Each structure stands twice: as structure tokens, then as C-alpha cells.
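Here the structure comes first, spelled out in C-alpha cells, and everything after it is commentary.
Proteins get letters first, then strands, A, B, ... in listed order; numbering begins at 1 in each. These figures come from a predicted structure and were not determined experimentally.
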2 protein chains.
Amino acid sequence: MKNIRCQLFKGIKDEELKQLYNCLRARQAEFKGGEELYSFGSGKTVLGVITQGKVVVKKIDRNGNVNILDHIQKNGVISNAFAFSQTDGNFVSAYAVENTKVVFFDYSNVFKRCQKACEYHSQFVENLFDIVIEKSKTLSQRVEILSNKTIREKILSYLSFAVKNTGSTEITLPMSLTSFAEFLSVDRSAMMRELKKLSVGGIIKTDKRIITVLKREYI
Amino acid sequence: MKNIRCQLFKGIKDEELKQLYNCLRARQAEFKGGEELYSFGSGKTVLGVITQGKVVVKKIDRNGNVNILDHIQKNGVISNAFAFSQTDGNFVSAYAVENTKVVFFDYSNVFKRCQKACEYHSQFVENLFDIVIEKSKTLSQRVEILSNKTIREKILSYLSFAVKNTGSTEITLPMSLTSFAEFLSVDRSAMMRELKKLSVGGIIKTDKRIITVLKREYI
DNA sequence: AAAATATTGTTGCAAAAACCACAAAGGAAC
DNA sequence: GTTCCTTTGTGGTTTTTGCAACAATATTTT
């Protein structure tokens, strides 16, 4: 298996990485676009790195409503260890958005220090820590966005974070408007209506997936 | 300062703990009920353990809407390192619900290993890791709850997690109904109405803050 | 290039939720 | 015990949202 260079393995040398692969029982899997990542919804705890492609985590409730819980890009980490549990009435699953390669690790071995108490194992834990913190921050942003009552406020809250995170007032949505509505957990047509209102009000300018914030004092 | 026995210091001996306090520049602070925890909303990154009392993290937006972002109990960890950032239009603050004692640490020193590369420091990082994972899980549950469209679904989703987490179908809300509405980010009167509908429908039974789930197949 | 599929854009209508206002009950403080 | 304040409980009204349906573009697949 080719060595993966990503945040999870930052500061770990190639030869150490090989040993770590062994230690964590790394194995690669490939998924076609639209295909469901097995083992995510299963009871087993998984930890994986997306080395190619994109993954979306969705929840489908008993009424068939689809909610997007997470988007994971290349070099992103996917795990049910620290996010999104399955409840009786819901199915949480991860899907490859395009052709995707994932390297899975045995999560149970992460904290089992090998006999040699290797230093790079500590480094690995610290890297994983950073990633979980990052995910945690993203989740709290998500909570803040969703805790707005109206669609308008949700959109503006999203834009507020996006402007803050990117430093630009021209935001290109990393997903389709359909998915964006699912991300905000609102009806798509109602969202479109609200986007139009915001445009007419001169607060934003929209062109497909590109939203430009014109009046920063509103976000 | 008295030694704190909590998740954050699990597996660390008393004498090591003393050294760790020094290493992380631990300092205690007390807050009266209703008082705002300084330093949380400030730019500085804080890490604290609630050793007594209760804390609630709130967001107040430009329109004066209050949203509860988090509840932190005794032995819980409070930090802006991995959750809830301030944006231009919003104020995020933490308030003591009752008389509360907090021990603050210098977050910047957490990953600076002391010269002796003490083993307990690793243990500390691992403990903090567990806490962040826990918080992350709580946050994703929150996202799942909030990503329901209707108040009814939000309530049922909350109950679903509560039943799953506690193992009992009799749920005592850890907050007032007023706060519960803020937690679900819905209007209180609308929520009360929905609770009544669920009661009349025989799905739940309510008595103030005690909600008993009668038909598990609905949650 | 044509066909199939997904995305964007828009509307009328019904349902749900927010907002507002008020009364009663419960607790805390004096 | 009385006062004050918070919480609980309820109802009417307005606004917002979700739903369904459809057309027009894009995009992908064959």
C-alpha cells in the first residue's frame, strides 16, 4: 500500500508509517460513486482516511427524510467513534460521492501502545486529537447554524461562518443547492424562495452555487 | 488547591497531579449563580473543569434570541478550544447556573511536553482525548436532533437518544421546559402544544419535566 | 448525439411554527 | 405569610415553512 501523506500521519516518517500500518492493521477499500461504505453503519467502530474521492454521511429516518450529517473530503477522516450514532428508527450511512478510496484502521488498536511504546504512536494520537478537535469545531458550527429558527437566519449564519473561515465574501457552496437545503435541514423550495428574498433585498447576490455577500452587517 | 478527581485526571497519581497543576498553571475561580464566566468569550483559549456547580453556554444573536449551546455539569470540561466560536453578530458566553467552582488550565501548555516527558502527561492527553470524543458525540446527537424539521420530530429524536442513553423510558429533563425549548431551538408555546398532542395521542405521558415514553415504536 | 438523470427555479396551497398575550402554579426571598 | 419572579399551561393570529407539482437547464451516461 502506498504511503498516505495527510494530517493523520503528520510528523511520522515513511518507515515508521509502515510499522504503524501494521500495528493498526491498515487495509484499503474502494467504492464506486453512490456506493455505500459498508462497516460504517454496522456496530463495529471504524476509523478511515479518505485517500481519494469524497464521502457524504446521511441519515434516513423512518419517514424517508434524508438529512446530510457530514461531508468528508480527500484526506478527511471518517469514523463512527466520535460522531453520529444509529438509533432504532434511523439509518446512518456513508456514501461515496464519486469513486473513492478509503484506508481503514482498527480503532481498537489506536490506544494500545505497542511493546516498544513507539514515539510515533504518540504522534499519531496527537494528530488524531487535532482531527477530532477540528471535527468538534465543525460540529459546533453546525449546531449554531441549525439552532436558528428561520431559514433566512440559517442561511445567514452559514454565510457568516463561511466568510469568517474563507476570508472572502464570495462563497462557493461546496455542494449542490439541493444538498445545501438538506445540510440546513430545510425544504429546498422554501430555501430558494428565501435566497431570492435575500437577493431582492440586496443583501446577497446569487449565481447558481456562488453566493456573494453584499451587506456584511447582516451576517 | 484540593486535588480534583475527575475524568480528566483519571489514572494520574496525587503527587503527579500536583506537578501537572504546576505544569498547566492551574488556578481556581468561583462564580455565583447567574454570573458570567469571564475569559470564555474572550479571544483567549481556555480549558477548565467544573469542580462544583453547573454551567450553561448560550449564544445571543443580534436580535436578542437566546440559544442554549451546551450544558456542563460537575466534572465536565469547558473549553472554547473545541467548540463554539464567536462571530461578529453573536455573543457566546458561559454562565454559572448555580454557585460554581472552576479550575482553569493553560491550554497552550497541554501539548508542550515537559522536559521529563512525563508519562502522566501522555495520560492526561489521552484523557482529554476521551473527553473531546464524548463532546463530539454529544454534538452529533445535537445535530441529529436539530436536523429534524418539525418540533414533534425534534422532541421524539431527543427522547430517542435519552432512552438509548439512560436505558429507561422515563426521562427526567435536566432543565426547565423553557430551557428545553431553547435547547431544541423552537418556540416554547409551540413545543408545549406539541407535547400535549403527543400526550393526547398516547405516545408519551408528561408530568412537568418527567416525560415517559409509552410507545417506543414512535421514537 | 440522444437519452436519462440531476439540478435549478418557481408557484399555489395546506400545515406548522413563531409570536404575542395572559393566567395559573410553583419556588425563592424577605 | 406575603411578595416577587420563574415556570408551566393555554389560545388566537400572523408568518413562515413544507409539500407537491412542473418547467427549464445542466450534467452524465449510453
Side-chain angles (χ1 to χ4, degrees), chain A residues 32-35 53-54 56 58 61 63-68 95-99 145-157 172-201 204-211, chain B residues 32-34 54 56 58 61 63-68 95 97-99 145-158 172-201 204-211:
Chain A
K32 294 214 180 82
E35 200 177 347
K54 246 189 236 181
V56 62
K58 289 183 184 183
D61 68 19
N63 304 320
N65 298 316
V66 176
N67 277 305
I68 293 192
Y95 296 92
V97 176
E98 46 198 71
N99 288 352
I145 292 168
L146 291 177
S147 67
N148 287 291
K149 288 204 186 108
T150 65
I151 295 180
R152 184 192 187 87
E153 283 166 348
K154 281 180 186 165
I155 295 170
L156 290 175
S157 177
T172 302
L173 296 180
M175 57 191 122
S176 69
L177 289 171
T178 306
S179 292
F180 186 50
E182 285 172 1
F183 179 82
L184 296 181
S185 296
V186 298
D187 180 75
R188 188 188 60 83
S189 68
M191 183 190 77
M192 297 295 279
R193 194 155 27 194
E194 205 56 49
L195 280 173
K196 169 148 271 187
K197 270 195 209 168
L198 285 166
S199 292
V200 171
I204 63 170
K205 192 162 64 83
T206 64
D207 175 30
K208 308 266 178 212
R209 293 175 196 181
I210 302 172
I211 303 178
Chain B
K32 293 214 181 80
K54 245 187 236 181
V56 61
K58 289 183 184 183
D61 68 19
N63 304 318
N65 297 317
V66 176
N67 277 305
I68 293 192
Y95 296 92
V97 176
E98 47 198 71
N99 287 352
I145 292 168
L146 291 177
S147 67
N148 288 292
K149 287 203 187 110
T150 65
I151 294 180
R152 183 192 186 87
E153 283 166 347
K154 280 180 187 167
I155 294 170
L156 291 175
S157 177
Y158 176 89
T172 303
L173 296 179
M175 57 191 122
S176 71
L177 290 170
T178 306
S179 292
F180 187 50
E182 284 172 2
F183 180 82
L184 297 182
S185 295
V186 298
D187 180 74
R188 190 188 58 82
S189 67
M191 182 190 78
M192 298 294 279
R193 199 162 11 205
E194 205 55 50
L195 281 173
K196 167 149 270 186
K197 269 195 210 168
L198 285 166
S199 292
V200 171
I204 63 170
K205 192 162 64 82
T206 64
D207 176 29
K208 307 267 179 213
R209 293 176 198 181
I210 302 172
I211 303 178

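Spacing between atom CG of A/Leu156 and atom C1' of D/dT16 amounts to 15 Å, rounded to whole angstrom units. To the nearest angstrom, P of D/dT16 lies 13 Å from CD1 of A/Ile155. A/Leu173 has its CG atom 11 Å from the P atom of C/dG9, to the nearest Å. Between the C1' atom of D/dT6 and the CE atom of B/Met175 lies a distance of 17 Å, rounded to the nearest Å. The CD atom of B/Glu182 sits 17 Å away from the C1' atom of C/dA17 (whole-angstrom rounding). B/Ile210 places its CD1 atom 14 Å from the C1' atom of D/dT8, with the value rounded to the nearest Å. Rounded to an integer number of Å, the gap from A/Lys197 NZ to C/dT10 P is 14 Å. Going from atom CG of A/Asp207 over to atom P of D/dA26 covers 10 Å, rounded to whole Å.
Base engagement by A/Thr178 is indicated by at least one non-hydrogen atom pair under 4.0 Å involving a base atom.
Taking 4.0 angstrom as the limit, A/Arg209 places none of its side-chain polar atoms (N or O) nearer than this to OP1 or OP2 of C/dT7. For the pair A/Lys149 and C/dC19, the criterion of a side-chain N or O lying under 4.0 Å from OP1 or OP2 is met. Note on B/Lys196: every side-chain N or O is 4.0 Å or more away from OP1 and OP2 of D/dG9.
Proximity note for A/Arg188 (side chain, C-beta onward) versus D/dG9, D/dA20, C/dG9: the nearest is C/dG9. Closest contact between the side chain of A/Met192 and the listed nucleotides D/dT8, D/dT17, C/dT8 involves C/dT8. You'll find that the side chain of A/Ile151 is closest to D/dT17, out of C/dA17, D/dT10, D/dT17. Checked against D/dT10, D/dG18, C/dC19, the side chain of B/Asp187 finds its nearest nucleotide in C/dC19. Listed nucleotides: C/dT8, C/dA16, D/dT17. Nearest to the side chain of B/Thr150: C/dA16.
Note that the CD1 atom of B/Ile145 and the OG atom of A/Ser185 stand 12.5 Å from one another [nearest 0.5 Å].
Under 3.5 Å, the side chain of B/Arg193 and the base of D/dG12 form at least one donor-acceptor pair of N or O atoms.
Judged by closest nucleotide on DNA chain D, A/Ser185 is the one of A/Lys208 and A/Ser185 placed further toward the 5' end. When each of A/Leu177 and B/Met191 is assigned the nucleotide of DNA chain C with its nearest heavy atom, A/Leu177 is the one assigned upstream, toward the 5' end.
Considering only heavy atoms from C-beta on, B/Ile211 comes within 4.5 Å of B/Leu195 through its side chain. When side chains are defined from C-beta on, B/Met191 does not count as touching B/Glu194, because their heavy atoms never get closer than 4.5 Å. Looking at A/Val186 and A/Ile155, their side chains never come closer than 4.5 Å, going by heavy atoms from C-beta outward. Within the 4.5 Å cutoff, the side chain of A/Val56 has no heavy atoms near those of the A/Phe183 side chain.
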